[in-house]
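Numbers here simply count residues along the sequence, with the first being 1. Side-chain atoms are counted along with the backbone in the values below, which use heavy atoms only and exclude waters and symmetry mates.
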Amino acid sequence: MPRRWQLASAIIALLIAASAWAADSGKVLRIAFPVAETGFDPVRVSDLYSNVVNEAIFERLLTYDYLARPAKLVPQTAESMPEVSDGGRTYLLHLKRGIYFAPDPVFKGKKRELTAEDYVYSFKRFADPANRAPYGFMIQGRIEGLDDAIEEAKKTGKFDYDTTIPGIVALDKYTIRFRLTKVDYLFPYTLAHVPFGAVAREVVEAYGNDIQAHPVGTGPYMLKEWRRAARIVLEANPNYRKVTWDFQPSADGGDKDIIAAMKGKTIPQIGRVEISVIEENQSRWLAFQRKELDYLAVPPTFVEQAIDGENKLRPQWAKEGVSLYREIDPSVTYTFFNFRDPLVGGFSKEKIALRRAIIMGYDLDAEIRVVYKNQEVQAQMPIPYGVVGFDPNYRNVNQYDPLLANELLDYFGYRKGADGYRTLPDGKPLTLRMATGTAAIDRELSELWKRSMDAIGVRIVFEPGKFADTLKATKACHVMMWQAAWTADYPDGDNFMQLLYGPNTGESNNGCYESKAYDALYEKSLTLPTDSVERDHLFIDMSRQMEVDGAWSLQGSPIRNELIRPWVKGFKKHPILQAEFVYLDIDFNGSGNQ
C-alpha cells in the first residue's frame, strides 16, 4: 500500500475513534420544564430548572454516583475524593488533567484547560456582594479569610478577585486546598453542589451582565439556543473528555436492564437536548401523548389517565412500550409567611395565633386527595422522606382543624364583621395576599385556599405573577405569602433546616424567619457529625420550634410518576442529580416508533 494511503487510513481510523467518543448529533431528546428558568450563571440562580441546565454544563469537584442508593459522593473533575487533614478542617483535591471548557469565542479558537485557579475564582464569586449569591450561605463563615474579603468588598464597593484568601488556594495548576474555619461535616456536599461548578474568569468578565445567557463550562453539554421561558437547546460539548458509563448496581438490585443497556458506552450519548417550557399541565400531557416528549413526570391532574387505582401503569401505555418509574421525591412543598410583613409577621402572641390558625384552617387533606389525586404524602417535618434526619414517627402539631382555628382567632380578638370576614384585633382590615402562578394547578390551589380561609372567616386575595419575578421579590422580603417547594440539593436534613435559619434571609430563607431559639439549635447542629443521634434530636426540636412559631404551612412531598418512552435507555431518577439525560441513550431499534 502506498505511504500516502497508509497515512490517509491512519487519519480515518483516528477520526473514527474520535467520533466513537462523541455524542450522536442525530440523537435528540425532548423534555419539558413545568416552570420557566431564570438564567444560567451558577452563582446567581437557585431555582431547580435553571440548575438542571447548569448541572449539564458546569462540573463540580465532586458529584454523585448515578445508580447508588442511598446517594453516594464520587469524584467528578477531582482525581479522587478529598484528602482530609487537620482534624477535618483541611481538604486537598487534585484535578484530573486534560479537562477543557466548551468552545467559546472568548477563548479565540484555543482549547482552554480547567485549572485549580478556576475553582478558586468560582468560589470567590459567591463571596462577592454584587452577585447576591443565593447559595453564599454554604461557604460564608466557613472558609478561612472569606468573611474578611466580603467585609472589605462592602467597604470599598468592589470585591478584589486577586486577593489571596487563605481558605481557598491553588497550590499548583491542578491542586486546590480548602481550609475551613471549623470542622464542617457537610463540606463535601458543597463541593458536589451544582452552583459550585467551575467557570472561567475571562468568560465572566467578557460577558459581564449578560453572563446569564452565556454559560461556558467543562460539562458534557453546552447551551446552543435560549428563548427565555420558552425553549432551551443543549448540544454535546465537542471538547468533553472520554467518560465511560460504568456504574455498579445499587443495593436494591433493580438496575440489571439499565446496566445491560448502558455499560461501556461513552457519556454523553445524546447529541442534542431540546427543552420546552410548558407551564400548563394539560399541554405537557398532550405533548407526551403525541410523542413530542420522551419522558414526563405525570401532572397530578392527569395521573388517573396514566395509572390505575393500584398505582400500576394502564394497559394502553404498556402496549406502547412505555415504562413507569414511581417514587417519593426528596422534596417538600410549603407556604411561607413573611415575618417582616406588618400583617402576618412578627412574634407577638396575636401574630403567632393568626399564622397557626391559617395553617390549621388550610384543608391539606383536600389538596392531597383532590388536587394531587393522592400522589402526594403529607409532610410532617421540613425534612422529607429519604433524606438523612427524616423521622417517620414525627407528627406536626399544626394539623388540619378548622374548628380549633376558629376558636384560636376568636380568643385572640380577630372578630368577624357583618360580611363574615374577620378584622385585626385593633379593628383594621385583615386581608391575606398570596403570590401565585398562572397555571391551571395554581388556580386549583388558589380556589382551595379561598374555600379554606372562608371557612375560618379570613379574607384572602391572590396575586398571580411570573415565577422569576416572585422569587426576586421574596429575596427582598416583599411577598406576604407564597407556596414554594424545595428539592434536596444534597441528601442531608441540613439542606432543608437551613431554609429557616435567620442569617439566610435574602438567600434561601424566603420567609425571612428570624428566630433566636431556632437559630441557636441550628448552629449547634452544625457542630455534629451527619450520623449523630444528637443532631437528629436537634432537627426535631427545630421542627417543633418553627411549628409553634407558625413559620410554614407544611404541605407535602410529591410522588413522582415518570412515564418513559421505550427508546429512552438508562433512566433512573436520582434523588439529587436532576440532569438525567447526561446518563441516557436513545435507541429506536426494537423499541417502537417515535
Side-chain angles (χ1 to χ4, degrees), residues 29-60 63 76-77 100-107 112 114 118-119 121-126 128 130-136 138 192-240 268 270 272-279 466-472 475 487 489 507-508 576-582:
L29 183 78
R30 301 147 313 160
I31 59 177
F33 286 170
V35 176
E37 76 297 334
T38 59
F40 308 116
D41 181 7
V43 76
R44 297 185 182 182
V45 301
S46 61
D47 63 288
L48 171 62
Y49 297 102
S50 296
N51 276 322
V52 171
V53 175
N54 285 344
E55 184 179 305
I57 293 175
F58 300 99
E59 291 188 295
R60 290 78 63 205
T63 186
Q76 187 167 54
T77 61
Y100 294 93
F101 284 91
D104 190 86
V106 171
F107 301 136
R112 167 65 156 81
L114 174 71
D118 293 318
Y119 281 106
Y121 174 72
S122 299
F123 271 75
K124 284 181 177 178
R125 294 189 75 216
F126 285 83
D128 186 346
N131 288 328
R132 299 180 180 178
Y135 284 103
M138 293 184 72
H193 192 30
V194 170
F196 293 94
V199 300
R201 181 171 181 172
E202 60 266 43
V203 171
V204 175
E205 292 180 348
Y207 290 113
N209 291 332
D210 200 31
I211 188 63
Q212 290 275 28
H214 295 277
V216 180
T218 63
Y221 287 95
M222 49 194 251
L223 183 66
K224 178 66 174 179
E225 177 187 339
W226 182 29
R227 283 190 282 130
R228 292 176 186 271
R231 177 178 167 85
I232 304 163
V233 177
L234 302 177
E235 283 190 353
N237 174 8
N239 287 350
Y240 196 58
I270 297 168
R272 183 178 171 96
V273 180
E274 298 179 353
I275 304 168
S276 301
V277 178
I278 309 176
E279 295 186 349
K466 294 181 179 179
F467 175 83
D469 293 338
T470 304
L471 184 62
K472 183 178 180 180
K475 302 304 180 186
T487 298
D489 296 311
E507 295 176 345
S508 57
I576 307 300
L577 299 176
Q578 299 293 335
E580 294 90 3
F581 50 82
V582 169

Requested in this report: Before giving the answer on side chain to side chain contact (heavy atoms under 4.5 Å, CB included), spell out for Thr77 and Tyr119 the whole-Å C-alpha distance, their side-chain angles and the decisive distance to 0.1 Å.
Outcome: CA-CA 11 Å; Thr77 61; Tyr119 281 106; 2.7 Å; yes

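- To the nearest 0.5 Å, atom CD of residue Gln212 and atom CG of residue Leu223 are 11.5 Å apart.
- The two residues Gly39 and Val45 come nearest to each other via the heavy atoms O-CG1, 3.4 Å.
- For the pair Phe40 and Ile232, the minimum side-chain heavy-atom distance is below 4.5 Å.
- With sequence neighbours excluded, the residues satisfying side chain to side chain donor-acceptor pair (under 3.5 Å) with Tyr207 are Asp104.
- Of the possible polar contacts, none joining the Asn131 side chain to the Ala133 backbone as a donor-acceptor pair under 3.5 Å is found.
- Ring-plane geometry between Phe126 and Phe196 is classed as parallel, the angle between the planes falling under 30 degrees on a 0 to 90 degree scale with a further cut at 60.
- Nearest heavy-atom pair across Glu59 and Gly219 is CG-CA, 3.5 Å.
- In this structure the side chain of Asn237 reaches within 4.5 angstrom of the side chain of Pro103, judged on heavy atoms.
- In this structure, the side chains of Val199 and Phe58 come closer than 4.5 Å at one or more pairs of heavy atoms.
- For Ala102 against Asn239, the heavy-atom pair with the smallest separation is C-ND2, 3.9 Å.
- No side-chain heavy atom of Pro42 sits less than 4.5 Å from a side-chain heavy atom of Tyr135.
- Taken from CD1 in Ile211 to CZ in Arg125, the straight-line distance is 6.5 Å, to the nearest 0.5 Å.
- The local environment of CZ in Arg231 is crowded, with over 12 non-hydrogen atoms from other residues, nucleotides or ligands closer than 6.0 Å.
- Residues meeting the side chain to side chain contact (heavy atoms under 4.5 Å, CB included) test with Pro134, sequence neighbours left out: Ser46.
- When every heavy atom of Leu114 is checked against every heavy atom of Ala198, the shortest pair comes out as CD1-CB, 3.6 Å.
- Residues Ile31 and Glu580 have side chains not in contact (no heavy-atom distance under 4.5 Å, counting atoms from C-beta outward).
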Query raised in the report: Yes or no on side chain to side chain contact (heavy atoms under 4.5 Å, CB included) for Val194 and Arg60, after CA distance, side-chain angles and deciding distance?
Result: CA-CA 7 Å; Val194 170; Arg60 290 78 63 205; 4.2 Å; yes

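- In terms of heavy-atom proximity, Tyr240 sits nearest to Pro268 at CD2-CD, 3.9 Å.
- Between the CG atom of Asp47 and the OG1 atom of Thr487 there is a distance of 11.0 Å, given to the nearest 0.5 Å.
- For the pair Val204 and Tyr121, the minimum side-chain heavy-atom distance is below 4.5 Å.
- Here the CG atom belonging to Leu234 is positioned 5.5 Å from the CZ atom belonging to Phe581, to the nearest 0.5 angstrom.
- Around the CG atom of Asp210, the shell of radius 6.0 Å holds more than 12 heavy atoms that belong to other residues, nucleotides or ligands.
- Separation of atoms CG (Asn51) and NE2 (His193) is listed at 6.5 Å; rounding is to 0.5 Å.
- Closest approach of Ile57 and Met222 over heavy atoms only: CG1-CA, 4.3 Å.
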Query raised in the report: Are Val582 and Tyr221 close enough, and set up right, to give a side chain to side chain contact (heavy atoms under 4.5 Å, CB included), and what steps lead you there?
Result: CA-CA 8 Å; Val582 169; Tyr221 287 95; 4.1 Å; yes

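- Between Tyr49 and Gln578, every side-chain heavy-atom pair lies at or beyond the 4.5 Å cut-off.
- In terms of modelled atom types and a separation under 3.5 Å, the side chain of Ser50 and the main chain of Thr38 share a donor-acceptor contact.
- The line from CD of Glu37 to CD1 of Ile275 is 9.0 Å long, rounded to the nearest 0.5 Å.
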Query raised in the report: So Val203 and Phe101, side chain to side chain contact (heavy atoms under 4.5 Å, CB included) or not? Walk me through it.
Result: CA-CA 10 Å; Val203 171; Phe101 284 91; over 6 Å; no

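- Counting heavy-atom neighbours within 6.0 Å of Lys466 NZ, excluding the residue itself, gives a total of 12 or less.
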